Amino acid sequence: MNAKNLSERLKTVASFVEKDAILADIGSDHAYLPCYLVHAGIISNAIAGEVVKGPFESAQKQVKSENLEENIDVRFGNGLEVVKEEDNVGTITIAGMGGPLIASILEAGKKKLSTVDTLILQPNIHAKAIREWAINEKWKIVNETILEEHDKIYEILVLKKGKMELTDQELLVGPMLLKEKSPVFKKKWKNEINEWQRIIDQLNNIPLTIDVQSKKEELQTKVALVRELL
């Protein structure tokens, strides 16, 4: 993978970025995504944010090697700290982290979202945490997709400002993904059921405490919820 040839995962994230958006890519790693978008003529300016020194330096080198230093500002900082009001950022991408971490980044930096109208988020796991945050902060899902690459399954959520209500099933698996029920979607949730059942079987073999009983009931509820929709 490089700045001109993204992985399918990042290419799908890129496909949701609107023409001429002012972008902040948080956790940009090598800055492949903003570089790709500028090369493709989709955007002309972006911020690439990194909180880890190694990836930050890699992003700087990448942007320099692509001759995009006038287009992409690589900044060192934690989450949305790299975004300034005068940047007028309209779109934020966060890809390749866990859902709870993405939600915590958005929560910690929500004061920086005043000019932002689009969030494009790709959690590796636990997308539910993002949907919960979105409901609480009055963002709504306007698009969702799911894909498999190199034996890993990824969800991508596109949010815009607005109220949203979700059922327990929609909160767990995604309202649009639930309607589509693609083969990848079914594969993901069959795998999840198998994993939850494996943990339940393990819990059945240890002394029953209040915590163990609570965990079993939580997992059994999830299994029932997902089996019903499949």
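Values below: all heavy atoms of this structure, side chains included; hydrogens, waters and symmetry mates excluded. Just so we're clear, the structure is a prediction, and the values are computed from it rather than from any experiment.
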Are Ser182 and Leu177 packed together at the side-chain level, in the sense that at least one heavy-atom pair is separated by less than 4.5 angstrom? no

Is there a side chain to side chain contact (heavy atoms under 4.5 Å, CB included) between Val74 and Ser28 once you walk through the steps? CA-CA 9 Å; Val74 182; Ser28 198; over 6 Å; no

Going by an N to O cut-off under 4.0 Å, is there a salt bridge joining Lys128 and Glu192? no

So Leu106 and Leu121, side chain to side chain contact (heavy atoms under 4.5 Å, CB included) or not? Walk me through it. CA-CA 10 Å; Leu106 293 170; Leu121 312 170; 3.8 Å; yes

Would you indicate whether the side-chain heavy atoms of Trp139 and Ile130 approach each other to under 4.5 Å? no

Does any part of the side chain of Leu113, heavy atoms only, come nearer than 4.5 Å to the side chain of Leu119, both counted from C-beta? yes

Would you say Tyr32 ends up clustered with Val63 if hydrophobic residues are merged whenever their side chains have heavy atoms under 4.5 Å apart, either directly or through other cluster members? yes

Is the side chain of Asn124 donor-acceptor paired with the backbone N or O of Gly96 at a distance under 3.5 Å, no angle test? yes

Can you tell me if Thr115 uses its side chain to pair, donor with acceptor, with the backbone of Val89 under 3.5 Å? yes

Keeping Glu50 on the side-chain end and Asp29 on the backbone end, is there a donor-acceptor pair under 3.5 Å? yes

Once the angle between the rings of Phe56 and Phe76 is folded into 0 to 90°, is it parallel (under 30°), tilted (30 to 60°) or perpendicular (over 60°)? perpendicular

Starting from Ile47, can I reach Ile72 by hopping between I/L/V/M/F/W/Y residues whose side chains sit under 4.5 Å apart? no

Should Leu159 and Glu137 count as side-chain neighbours, where that means a heavy-atom distance under 4.5 Å? no

When you measure from the side chain of Lys161 to the backbone N and O of Val116, does any donor-acceptor pair fall under 3.5 Å? yes

Tell me whether Lys188 contacts the main-chain N or O of Leu147 through its side chain, where contact means a donor paired with an acceptor under 3.5 Å. no

Ion pair Lys84/Asp73, N-O distance below 4.0 Å: no

What verdict does the side chain to side chain contact (heavy atoms under 4.5 Å, CB included) test give for Lys152 and Arg9, after you've listed the backbone C-alpha separation in whole Å, the side-chain angles of each residue and the deciding distance to 0.1 Å? CA-CA 10 Å; Lys152 291 184 179 178; Arg9 173 180 67 90; over 6 Å; no

Is the backbone of Glu149 close enough, under 3.5 Å, to the side chain of Glu8 for a donor and an acceptor to pair up by distance? no

Exam field: side chain Gln169 to backbone Leu225, donor-acceptor pair closer than 3.5 Å: yes

Got Lys187 and Val184 here, is their nearest side-chain heavy-atom distance under 4.5 Å? no

Tell me whether Leu208 at atom CG has more than 12 heavy atoms from other residues, nucleotides or ligands lying less than 6.0 Å away. yes

For Leu172, is there any backbone N or O sitting under 3.5 Å from a side-chain donor or acceptor partner on Lys222? no

Ser214 side chain vs Asp211 backbone, donor-acceptor pair below 3.5 Å: no

Out of curiosity, Ile141 CD1 to Met176 CE, how far, rounded to the nearest 0.5 Å? 7.0 Å

Please determine which of Ile102, Leu80, Val51 meets the side-chain contact (heavy atoms from CB on, under 4.5 Å) test together with Ile26. Leu80

Hey, mind stepping through Asp25 and Thr93 against side-chain hydrogen bond (donor to acceptor under 3.5 Å, both in side chains) and telling me if it holds? CA-CA 5 Å; Asp25 184 38; Thr93 50; 2.7 Å; yes

Counting only heavy atoms not in Lys190, do more than 12 sit closer than 6.0 Å to its NZ atom? no

Verify side chain to side chain contact (heavy atoms under 4.5 Å, CB included) between Trp189 and Val173, making sure each step is shown before the conclusion. CA-CA 8 Å; Trp189 291 107; Val173 307; 3.5 Å; yes

